[in-house]
Number of protein chains: 2
Amino acid sequence: MKNRTRAHRKPTIQEIARIAEVSRGTVDRVLHERGDVNPQVAERVRQVASDLAYAPNRAAKALKYSSKPKLVSCILPISNREYFDQVAIGFARAARELSDMGISVETERLDCDDEGTLIEAIRRRCSMEEGLAGGGDATVAGLILTAPDTEPVRDAIDCVIAAGVPVITLNSDITECGRLCFVGQDLKRSGLVAAELLSKMLRGAGRVVAVTGNLVYQAHTDRVVGFQRGVELWGRLLDVDVRESFGTYEGTISCLEAAFRQAEEEHAEIVGIYMATGINEACIDFLVERNLVGTVRVVTNDNTRSIRRALEAGIVDYTICQDPEHQGYTPLKLMYEYLFHNTAPLLEWYQSPIKIVGASDVVDTDD
Amino acid sequence: MKNRTRAHRKPTIQEIARIAEVSRGTVDRVLHERGDVNPQVAERVRQVASDLAYAPNRAAKALKYSSKPKLVSCILPISNREYFDQVAIGFARAARELSDMGISVETERLDCDDEGTLIEAIRRRCSMEEGLAGGGDATVAGLILTAPDTEPVRDAIDCVIAAGVPVITLNSDITECGRLCFVGQDLKRSGLVAAELLSKMLRGAGRVVAVTGNLVYQAHTDRVVGFQRGVELWGRLLDVDVRESFGTYEGTISCLEAAFRQAEEEHAEIVGIYMATGINEACIDFLVERNLVGTVRVVTNDNTRSIRRALEAGIVDYTICQDPEHQGYTPLKLMYEYLFHNTAPLLEWYQSPIKIVGASDVVDTDD
DNA sequence: ATGAAAGCGCTAACAT
DNA sequence: ATGTTAGCGCTTTCAT
């Protein structure tokens, strides 16, 4: 049972030209729709190309572009450093694989929460007049970014896209704009996974606290929605107490305090905590100070150094990660395929894998 | 905070030639150590190349080779179909990404348990005389395979390597031979993960059955060793009963029967099952027939259709997967880097990710 | 021992 | 509207 890819040579432009009885130049014009060609001839060429299942040779194309590579720009937030550094690593890995392939890459880290700065950076990319006091800034061929999904940002993105520059969003999506695709996690499923873990660890009855950031943000509620659905499926005996941390250390502490206070009043027992969006460190400190380690099952998100320590110490049972490297690597690869092979991403949404990490991942196997 | 890769152009052979005041041909001869060049000139050229941090242009190299690509051969077992089909998909994806990059790929599925067939296939690859009744069989430049770690196989591999053909093993390693590297799972850690899952689901006391294939094979015991270590760490109250299935359906059924019989005799309660190496279907059937679903926590390996059904039905709690696609994709990429960029793999062992899959993965999120 | 040149497939500027 | 050609960087053959 043998299987060989490309048993014989791939067709070239030269071959198409020979069969269609035109010159390579004409074939090129047809395939790139650069006009100035007789419609009938064009049709014939297209026919031959599709008959031969022509696909351009990637190495040749890359070589041709190597003197003036297409620039892909990537904007990442300066916040959440530990996480986005990992994204940048994946991005760099893809860039390395694509070096010499006709692409060049720039990464910019900026305060994406400051809409002004962000929009200015985005705008610059669609209105780069060649002649202007150019500090050597080449025009951008593709844009990859993480940005909040607000009206002004959407507008700025649409302006870039209108200028013919494709955009891929990562980690958090920007809806209702013409982006090519989104690379990020399925937050609802992430919540579902957390619920399954907690439910199966707990089984019996009890109360579970789900800490989220801010319920007005869709992104923050998604995990909780998934979590609640998961508890229905696998932990019917549990009741869920949803609390908002507002993204601060103090907010996290005080919402946990409030949850435990209320549970005491209601003679309910808190047996689990799900940190959907919040400051994990705060939760860890809280558990240690209150001497709750071991009596409360804890599931968090992300994979930071402090989480890994908490896993090792048995404070946290599992943490659900979203493979930041994949979120950097994939968009650049997709952008390349789009820019050079004219293949739009197959999916609108590339789900980054949901990885369950437990203490097993932070322990040595041999001793 | 801007960061641009390769702000200015990369040096070319032409540039080295100009600076070292020789011709491109000479530079090429030096860099490829093809002899026939004055030692002093050679030294000068090497100096210039390293000064400029020269690295060949991948696109140009690929283009040059596109007419006579290097053939990479991949041998996969015909057994374990569902799994190795996935491996083949990863392999094909890498092959697609590398199409036109000077590489061509052939995949062969054969009965790797039949040592004769396997060794014959391996041997063919090192002794392919050009002049012979060649049915078009080109000589192989690299070999990727999964094979049992036995003496005759090792010898055959060593013969291929001696002929100058690099070898990468996947899924199961072949030790003590000159293979470039191994791509596969850390079986001990896989067992550790299983133990953590079961321990944290169970907590209390009870007996856990660990079903393995055959204790005489190192590969089969590794998971069990990791599992036992994990139970020590997270499930001190559990006791482990290790059983051999000998890789058959009947063997699996009968070892489970024996385990339950013995438990009854000893008035112990079996609360969990770990299917380390065995026929998952047998275990599922056993649980259903004995009406044990829900009372016994079950962790398996791999991600087959029947396992997914069992997850959905709540028969199996978690299954531990080893990302077969990654095991196909990675070796070919590494082989390419080795053959074309002269970069040997950084690691001797590329660990395929250990993915924990639960019911959350087989459930719809929106409804 | 070294240099010169052809050619891989594609693009784009130039020529007709 | 169509054809011709130079050139991207590398390898390899041929000529010196």
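A note on names: the letters A, B, ... follow the listed sequences, proteins ahead of strands, and every chain is numbered from 1.
- Checking the phosphate oxygens (OP1, OP2) of C:dA4, no side-chain nitrogen or oxygen of B:S23 falls inside 4.0 Å.
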Per-nt protein contacts along nucleotides 6-16 of chain D (heavy atom under 4.0 Å; B base, S backbone sugar-phosphate only, - none) come out as BBBBBBB----
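- Rounded to whole Å, the distance from CG on A:D36 to P on D:dG3 is 13 Å.
- In this structure the side chain of A:I168 never reaches within 4.5 angstrom of the side chain of A:R179, judged on heavy atoms.
- Here ring-ring contact (aromatic ring centres under 6.0 Å, His included) pairs that include residues 39-67 of chain B, with residues two or more places apart or in two chains, are B:Y65-B:F340.
- Separating the CD atom of A:E43 from the P atom of D:dT2 is a distance of 14 Å, rounded to the nearest angstrom.
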Listing, residues 15-22 of chain A side-chain donor-acceptor contacts under 3.5 Å, not counting sequence neighbours, or none:
none

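- In this structure, A:N38 places its CG atom 15 Å from C1' of D:dG3, rounding to the nearest Å.
- Using a 3.5 Å distance cut-off with no hydrogens or angles, the side chains of A:Q327 and A:D323 do not pair a donor with an acceptor.
- Side-chain atoms of A:S73 and A:R125 form a donor-acceptor pair, as typed in the model, at a separation below 3.5 Å.
- Contact of the B:T343 side chain with the B:H341 side chain is registered, since non-hydrogen atoms from C-beta on lie closer than 4.5 Å.
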